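Ligands are counted one by one from 1 in listed order, and the atoms in each one are counted from 1 as well. The chain is numbered in sequence order, starting from 1. Fair warning: this is a prediction, and the values are worked out from it, not measured in the lab.
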Amino acid sequence: MSLSVQEFRQQFSDKLMTTFGKKVEKATPFEAFQTVGLILRELLNRKWQDTKGTYRSNSQKQVYYFSMEFLLGRLMITNLLNSGLLETCKQGLEELGFNLEEVLGQEQDPGLGNGDLGRLAACFLDSLASLELPGHGCGIRYKYGLFQQKIVDGNQVELPDYWLKNEYVWETKRLDQTVEVHFGGEIETVEESGRLTFKHHHYEKVLAVPYDIPVSGYQNHTVNTLRLWSAESTTNDFHFYSIDRKDYYHYLDYKRSVEQISEFLYPDDSSYEGRLLRLKQQYFLVSAGLQCILREFKNSYPSVDLLPEKIAIQINDTHPSLVIPELMRLLLDQEQLSWEKAWELTTRTVAYTNHTTMSEALETWPVDMVKTLLPRIYMIIHEINERFCRHLWLAHPTLRDEIKHMAIISYGQIHMAHLAIVGSYSVNGVAKLHTDILKNSVMKPFYTVFPEKFNNKTNGITHRRWLLMANPPLASLITEAIGETWVREPKQLITLLKYAGDAAFQEKIAGVKQANKTALAKYIQERTGIRVDDRSIFDVHIKRLHGYKRQLLNVFHILHLYEMIRDNPNMDMVPRTFIFGAKAAPGYHFAKKVIKLITTTAAKIAADPIVREKIRVVFLENYNVSLAEQIIPATDVSEQISTASKEASGTGNMKFMLNGAITIGTLDGANVEIREMVGPDNIFTFGLTAEDVLAYQLSRMYRSRDVYNGDQRIRRVMDQLVNGSLSNDDVEFKDIYYTLLSNNDEYFVLKDFDSYVEAQDLLEQAYRQPTEWLKKSITNIAHSGKFSSDRTISEYASEIWDIHPVTISSTTQSR
Ligand code: F58
């Protein structure tokens, strides 16, 4: 698709006039953004049409990725780059008096995700389209994204994230594709012609209205679909104008309860109502998505028997695992299949990805809640459970004692991970270590019963967003050195290895990093007023705030450095800037206290004229995809310091290495594979191994108080939490203090402190040798090809989904 600068300018002025009734000179940057969006939409729509047409006519298998989260980030830059129009648009806008950066900056990040799991889904969509694979996303169009974080007096404050306040230029409402989802009511079982049928009465009807977002591939003709569902009320069942107007008030209550379904991502689940709403959201997503898939399927194929040959459904963690009983419901009650046939088709269609080993994070729902909200679904889950337990009893006598731990329904709870494993044909972990832990520990009895289902798919990231778009100077430098094949085949980055020790190349790499650091320093000053030294080491910890991710360990190291500098103001050290970005779940008290501790530490250091010469701490509020794109290219040190065994994979670790940062990390998640690739000299690892942690958890031999008593450095750091030196309010950090001592430090912060400090020392020594450091940096970039989501998606495509690339033929006239 090509468009000359001249044509672009013409289209821009025309569109601006027809949409906003304005001349170019009067347009605001936002109007310019919308106008470029509309031009692109028109171009994408043609390819979209072609893609749908080709998929329909060639009857190849397609995959649907069901996820409660899609953390897309801004799409304008992706769409420009993918359609090859970035330069044209840049030049055209400049000639019209606009600045590309400013125009791109108008786009709101759709905050339709919480963390890695949602960002992974977005990277996967990008890779599917770029590899010409027929794969689509299915999610919820939350009216409010994850909250906007403000830091007020050092504390996190959550504000609503109304990302839709301006029209979202990429979406199209597809009213004609609306489906109904039913909640509550009762089930009547009747026998009709020798077959039991289930009639649903008195249910609440919710309309699911899809909004489609085009997902373009990198410089190809593929445009797949991300379909996001919005909940709407129906007016049909109400008689507003009756004499007593009773229906009118009923309608208002009903409308409110329906709209809530797609209002917030992760409503507060500390109350029963909040949990109920989450369950409603999950069923809403799977029911709407499946009905629509089945409807389209039946338009194309004569029999539902073909379902597993033509469709694969991947569930992103357990949140969409109601796909299993819902598909069963549709096949049993709508398609009138036998239980055995419906079960065979379902378990050959659905595949499940697990993203956590932490038992407290494995979802369960109270039986009563499911029974009331989804009566037919409950009956089906109950039957699946009965059959599964019977199978265990008969076919696996050695596991009889385990049945109570493996049942889908036990002790009044429905265990969604068990349902997902039993009802799918593939169960994958997201890094080698994680999959091994699933097989050998967390899901061990299931692995014994279904060894063939378990497999590993190490996560990946799209190098197009995280290098090509986020760090254009580095991308150009790489292309200059090794040519441009790496853009389509990221594995080719390995050829950079021959430049790892090349002085001229190293100098250029150093120059790019320095320029990125200077830009970030400027950004930090604009956003926070803090001036950081752009020659210091930029040491970055950005991710969800959670106990196991151990932001606390990082702060303890900083507080330790603080003490050391106070003891010896002339201490010889390379100045460091510690940068944090993290949101804490609104109800997670401990995580919020850690944010307060980071901001308090930052303020204390900023107020100390001696210490601030050597270290600085910056907490950047409202961490999101766009902020990550600013920070990562400027990072020297990537903090990946989770308690070993707890981080399933991590993907931040991959984004940083791709941009030449060096990891300091535990042997956890994908860090293990990063180390395997780059070798032990090019990563700084420390701390307990996953095996150690699991052994401690079994033996209960860890005593945090012994570590506290035995290490004076830790005592000094911890005492600062409670002796008034950080806060006048002496209870402010007491919870953290007691979590570590009285509650025995669940995440082994104290245990790993010593080896962390040692690793940090070694890292600093390495940084003092620029040639060696740059060699490590280039080596990391060179090995990052393995962590491209193109590799991950190719593995899913061939080993789980059995889907193949489809070249899109152009049926419409594209320019
Ligand atoms: C993440 N999970 C894992 N969950 O923590 C990370 O190691 C992995 O790289 C990533 O998945 C992708 O595989 C994650 O992000 C959540 O955000 C949960 C969503 C539901 C509420 C609790 C957090």
Side-chain angles (χ1 to χ4, degrees), residues 65-71 111-124 139-140 142 145-147 264-270 274-275 277-279 281-282 285 314-321 352-365 416-417 427-435 437-438 442 456-462 542-550 582-588 591 623-625 628 640-656 665-666 668-674 690 747 787 789 792-793 795-796:
Y65 196 81
F66 276 63
S67 176
M68 293 300 282
E69 303 185 23
F70 285 93
L71 205 44
L112 308 182
N114 173 35
D116 251 16
L117 172 147
R119 183 53 232 172
L120 183 79
C123 283
F124 280 4
I140 293 184
Y142 305 99
L146 195 71
F147 62 87
F264 289 102
L265 166 67
Y266 298 131
D268 178 13
D269 63 351
S270 53
R275 303 238 324 127
L277 187 53
R278 283 202 190 194
L279 180 62
Q281 292 186 323
Q282 298 189 352
L285 165 68
Q314 189 69 38
I315 55 175
N316 198 20
D317 218 301
T318 53
H319 321 131
S321 50
Y352 156 57
T353 305
N354 171 289
H355 296 270
T356 185
T357 58
M358 299 210 289
S359 50
E360 67 273 22
L362 295 173
E363 255 191 326
T364 59
W365 293 110
M416 302 312 272
V427 178
N428 76 281
V430 290
K432 273 190 209 161
L433 175 68
H434 170 224
T435 304
I437 294 175
L438 289 180
V442 182
N456 177 57
K457 296 288 165 282
T458 298
N459 281 166
I461 54 163
T462 164
I542 45 174
K543 47 185 81 244
R544 278 188 293 135
L545 215 138
H546 200 288
Y548 84 81
K549 293 180 186 274
R550 297 202 294 193
K583 287 181 180 173
Y588 191 177
Y623 175 59
N624 61 11
V625 175
Q640 308 299 333
I641 59 176
S642 53
T643 313
S645 79
K646 305 286 178 198
E647 187 70 271
S649 162
T651 55
N653 44 8
M654 302 167 185
K655 294 164 197 164
F656 283 111
T666 44
D668 199 16
N671 295 352
V672 175
E673 286 157 81
I674 292 178
Y747 297 115
F787 300 103
S789 47
T792 315
I793 280 296
E795 289 174 7
Y796 274 88

Quiz item: Which residue owns the protein heavy atom closest to atom 2 (N) of ligand 1, what's the atom, and how far is it?
Solution: Arg544 NH2, 3.7 Å
Quiz item: Backbone N or O of Ser645 within a donor-acceptor pair of the Thr357 side chain at under 3.5 Å?
Solution: yes
Exercise. Around atom 15 (O) of ligand 1, find the nearest protein heavy atom and jot down its residue, atom name and distance.
Key: Leu117 N, 3.1 Å
Quiz item: So which protein heavy atom does atom 9 (O) of ligand 1 come closest to, and at what separation?
Solution: Gly650 N, 2.8 Å
Quiz item: Heavy-atom contact under 4.0 Å between Gly669 and ligand 1?
Solution: no
Quiz prompt | Test side chain to side chain contact (heavy atoms under 4.5 Å, CB included) applied to Ser649 and His355, Lys457, Met654, His434, the passing residue | solution = Met654
Quiz item: Does ligand 1 have an atom that lies less than 4.0 angstrom from a heavy atom of His434?
Solution: no
Quiz item: CZ/Phe264 to CD1/Ile140 distance, rounded to the nearest 0.5 angstrom?
Solution: 13.5 Å
Quiz prompt | ligand 1 N/O within reach of Glu647 N/O, cut-off under 3.5 Å | solution = yes
Quiz item: How far is atom 13 (O) of ligand 1 from its nearest protein heavy atom, and which residue and atom is that?
Solution: His355 ND1, 2.6 Å
Self-check item: Any N/O pair Ser649/ligand 1 closer than 3.5 Å
Solution: yes
Self-check item: Contact check, Tyr588 vs ligand 1, heavy-atom distance below 4.0 Å
Solution: no
Practice problem: Answer yes or no for Asn459: is there a heavy-atom contact with ligand 1 below 4.0 Å? | Solution: yes
Self-check item: Polar atom proximity, Gly115 to ligand 1 (N or O, under 3.5 Å)
Solution: no
Exercise. Write out the residue and atom name of the closest protein heavy atom to atom 1 (C) of ligand 1, then the distance separating them to 0.1 Å.
Key: Asp116 CB, 3.8 Å
Quiz item: Which bit of Met68 is near ligand 1, meaning a heavy atom under 4.0 Å away: side chain, backbone, both or neither?
Solution: neither
Quiz prompt | For atom 18 (C) of ligand 1, the protein heavy atom that lies nearest, with its residue and separation | solution = Asn114 ND2, 4.1 Å
Self-check item: Any N or O of Leu120 closer than 3.5 Å to N or O of ligand 1
Solution: no
Self-check item: Top protein contact for atom 20 (C) of ligand 1, by heavy-atom distance
Solution: Tyr266 OH, 3.3 Å
